[in-house]
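Working notes for the structure below.
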Protein chains: 2
Amino acid sequence: MLNKESHVKRDEISNLTTRRLSIYLRCLQTLEAAGVETVSSHEMAEQFHLNSAQFRKDLAYFGEFGVRGVGYRVPDLKHHLIRILGLDRRIRMAIMGAGNLGTALAGYGGFNTDNLKVTALFDTDPDKVGRFLRPGLQIHHVSALNPFILGHPVHIAVLAVPTMVAQEVLEQVAAAGIRSVLNFVPVRLKVPAGVRLQSVDLKVQVESLVFHLPREGEDGQALVDHKGKDPILHTV
Amino acid sequence: MLNKESHVKRDEISNLTTRRLSIYLRCLQTLEAAGVETVSSHEMAEQFHLNSAQFRKDLAYFGEFGVRGVGYRVPDLKHHLIRILGLDRRIRMAIMGAGNLGTALAGYGGFNTDNLKVTALFDTDPDKVGRFLRPGLQIHHVSALNPFILGHPVHIAVLAVPTMVAQEVLEQVAAAGIRSVLNFVPVRLKVPAGVRLQSVDLKVQVESLVFHLPREGEDGQALVDHKGKDPILHTV
DNA sequence: TACTGTGAAATCTTTCACAGCA
DNA sequence: TGCTGTGAAAGATTTCACAGTA
């Protein structure tokens, strides 16, 4: 099977691999923008601080995309990754919660590219409901979620609501038929059946940095990664 | 050794464990607020969707905090975790980049609690430099980082700058003596020696949800986690 | 020759299952 | 008795090292 995406059980691909695929895609976009046509796994590893064997193995779950003795054609591999990740279709996102964070996320470049789009925000604050963040991007009342979805399918909900109501909103979102949720609320949620929840817990991230901070009297040299391990994705 | 924090090489504790400690602390705070005095590992697991053996093992790296036959005293364990995580001292954070995201993070509750404080933002935009986000929280010019730090030590820098300048700002931050960095910029950074970098890549998080979205013609039932695995922290 | 693709080994992480203690 | 603390087993992930091929 040459240069062909094989059919693979997607649920058998680990999350770690999935996240790296997304990083590989970004690296390839950088290379393409720089006019690079061909890249070997070693060059990728060198330039982007990756592991070359891991790169090859991650790709191998999906097919054979390289040319032995040469490497990978950058535009080809990029397109394969776009297809593998499912970024070859329009993905519509709704943000639940139009506070500080929800509003910032609505404007985040990474959520508004090519085929990814934030299409609406939902809140319950009467001062916010009805307002437009920018042309075409309005804040609706949470109770309008179901009718909105009928006219404008939503693939991913982003949870950026107050902790108190997070569980409730998650259940509303699930009941509305949204099966993928990116959660920013720092709380342990009960995940409704059939829903995939990806949590980004900013406080946990900070606290794990605090854990490694040198304590009084220590000199902090121990921070250097003594094994020389690449920091990819055990940091994410 | 009873009820005593043992000395353990902090660098031998895995990141996964570290992140869970932070979650355990939050759960205990919830229990304490509810007036619960004592909790067993099984009750913790039940209530917060954790794994009881993992909970016990994570704690065991640091000492013996429980009482056999009984469980853990909630306030005691909470205090132990605060000490273990290093949250028993004032931690000062600076945010590099006063755009959408940087500004939202400056106001994020999880970064402004008890002993964690955002103490300044840094940007280069003349329209922003000098402004106050709120009393006591000012935006400074990036070139003022070194003098600022002399008067107000900073333990953690948060990187929320444009992709183009991320590497440069990371190096400035490192040169200023800040050894811990929480990075929000979606790029593979070269990590200066002695610096600990924790990356939060929002685009990667979304794309890994997209990967699992049902494709045209599929019915998406496969989204249910067939092994019944608990979603803790392979989702974070 | 210089690379990819890949089994096999090494390492890391979770889970089991039970000895031992309050 | 009912729990913790913990070795040992199982499982997941990374890394090695090389056969195979353009």
Side-chain angles (χ1 to χ4, degrees), chain A residues 1-6 8-9 11-21 24 37-46 49-74 76-77 80 225 227-236, chain B residues 1-6 8 11-21 24 37-46 49-74 76-77 80 225-236:
Chain A
M1 190 183 303
L2 183 66
N3 249 346
K4 182 94 182 59
E5 284 167 37
S6 65
V8 110
K9 292 224 194 78
D11 295 345
E12 287 170 9
I13 302 298
S14 102
N15 247 283
L16 297 161
T17 294
T18 312
R19 300 211 290 251
R20 282 190 301 259
L21 292 176
Y24 300 155
E37 306 240 301
T38 292
V39 71
S40 73
S41 60
H42 287 279
E43 286 161 356
M44 280 286 284
E46 169 84 10
H49 322 108
L50 305 163
N51 176 301
S52 62
Q54 191 165 59
F55 175 76
R56 296 198 300 278
K57 194 158 264 243
D58 285 337
L59 295 178
Y61 291 121
F62 300 95
E64 308 197 352
F65 307 116
V67 183
R68 286 167 203 243
V70 178
Y72 302 85
R73 297 248 331 126
V74 171
D76 291 0
L77 186 54
H80 279 296
D225 199 341
K227 281 190 197 156
K229 275 184 87 170
D230 188 284
I232 183 176
L233 279 186
H234 59 126
T235 75
V236 172
Chain B
M1 191 182 304
L2 183 66
N3 248 346
K4 183 93 182 57
E5 285 166 38
S6 64
V8 111
D11 294 345
E12 287 169 10
I13 303 298
S14 100
N15 247 283
L16 296 160
T17 294
T18 311
R19 301 211 290 249
R20 283 191 300 260
L21 292 176
Y24 300 155
E37 306 241 302
T38 292
V39 72
S40 73
S41 60
H42 286 279
E43 287 162 356
M44 279 287 284
E46 170 83 11
H49 322 109
L50 305 164
N51 175 301
S52 63
Q54 190 165 59
F55 175 77
R56 297 198 300 278
K57 195 157 264 246
D58 284 337
L59 295 177
Y61 291 122
F62 300 95
E64 306 197 355
F65 307 116
V67 182
R68 284 166 205 245
V70 178
Y72 302 84
R73 299 247 332 123
V74 172
D76 292 0
L77 185 54
H80 279 297
D225 197 342
H226 51 82
K227 282 189 194 155
K229 274 185 87 171
D230 188 285
I232 182 177
L233 280 186
H234 58 127
T235 74
V236 171

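Reminder, nothing fancy here: chain letters follow the sequence lines and each chain counts from 1.
Between B/H80 and B/F65, the angle of the ring planes lies from 30° to 60°, which puts this pair in the tilted group.
A straight line from CG of A/L50 to P of D/dT15 spans 11 Å, rounded to a whole angstrom. Separating the CG atom of A/N15 from the P atom of D/dG11 is a distance of 20 Å, rounded to the nearest angstrom. As rounded to whole Å, 15 Å separates atom P of C/dT4 from atom NE2 of A/H80. Between the CG atom of B/L77 and the C1' atom of D/dC3 there is a distance of 15 Å, rounded to whole Å. Distance, B/L16 CG to D/dT14 P: 11 Å, rounded to whole Å. The CD atom of B/E12 sits 12 Å away from the P atom of C/dT13 (whole-angstrom rounding). Counting to the nearest Å, the C1' atom of D/dG5 and the CZ atom of B/F55 are 13 Å from each other. The separation between B/Q54 atom CD and D/dG11 atom C1' is 13 Å, rounded to whole Å.
Residues A/R19 and A/L16 are in side-chain contact: their nearest non-hydrogen atoms beyond the backbone lie under 4.5 Å apart. For the pair B/L77/B/V39, no side-chain contact is recorded, criterion being any heavy-atom separation below 4.5 Å from C-beta on.
No N or O donor and acceptor, one from the side chain of A/R68 and one from the base of D/dT21, sit under 3.5 Å apart.
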Practice task
Apply ring pair (Phe, Tyr, Trp, His ring centres under 6.0 Å) to the pair A/Y24 and A/Y72, showing each step before the final yes or no.
Solution key: CA-CA 12 Å; A/Y24 300 155; A/Y72 302 85; 9.8 Å; no

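A sub-4.0 Å separation between OP1 or OP2 of C/dT4 and a side-chain N or O of A/S41 is present. Within the 4.0 Å cut-off from OP1 or OP2 of C/dT13, not a single side-chain nitrogen or oxygen of B/Y61 is found. Neither OP1 nor OP2 of D/dG2 sits under 4.0 Å from any side-chain N or O of B/Y72. Not one side-chain nitrogen or oxygen of A/R56 sits closer than 4.0 Å to the OP1 or OP2 atom of C/dC3. Distances shown here put every side-chain N or O of A/R20 at or beyond 4.0 Å from the OP1 or OP2 atom of D/dT13.
When distances run from any side-chain atom of A/N51 to the nucleotides D/dT4, D/dT15, C/dT13, the shortest one goes to D/dT15. In this structure, the nucleotide among D/dT6, D/dA22, D/dC18 sitting nearest to the side chain of A/V67 is D/dA22.
Here the options are A/E46, A/H42, A/E43, A/M44, the test is side chain to side chain contact (heavy atoms under 4.5 Å, CB included), and the partner is A/S52; only A/H42 passes.
Both A/G69 and A/K57 sit near DNA chain D, but only A/K57 has its closest nucleotide nearer the 5' end. Summary of the strand contacts: A/E43 and B/D58 both lie near DNA chain C, and taking for each the nucleotide with the nearest heavy atom, the more 5' one is attributed to A/E43. The nearest heavy atom of DNA chain D to A/V70 and to A/T17 marks one nucleotide each, and the one closer to the 5' end goes with A/T17.
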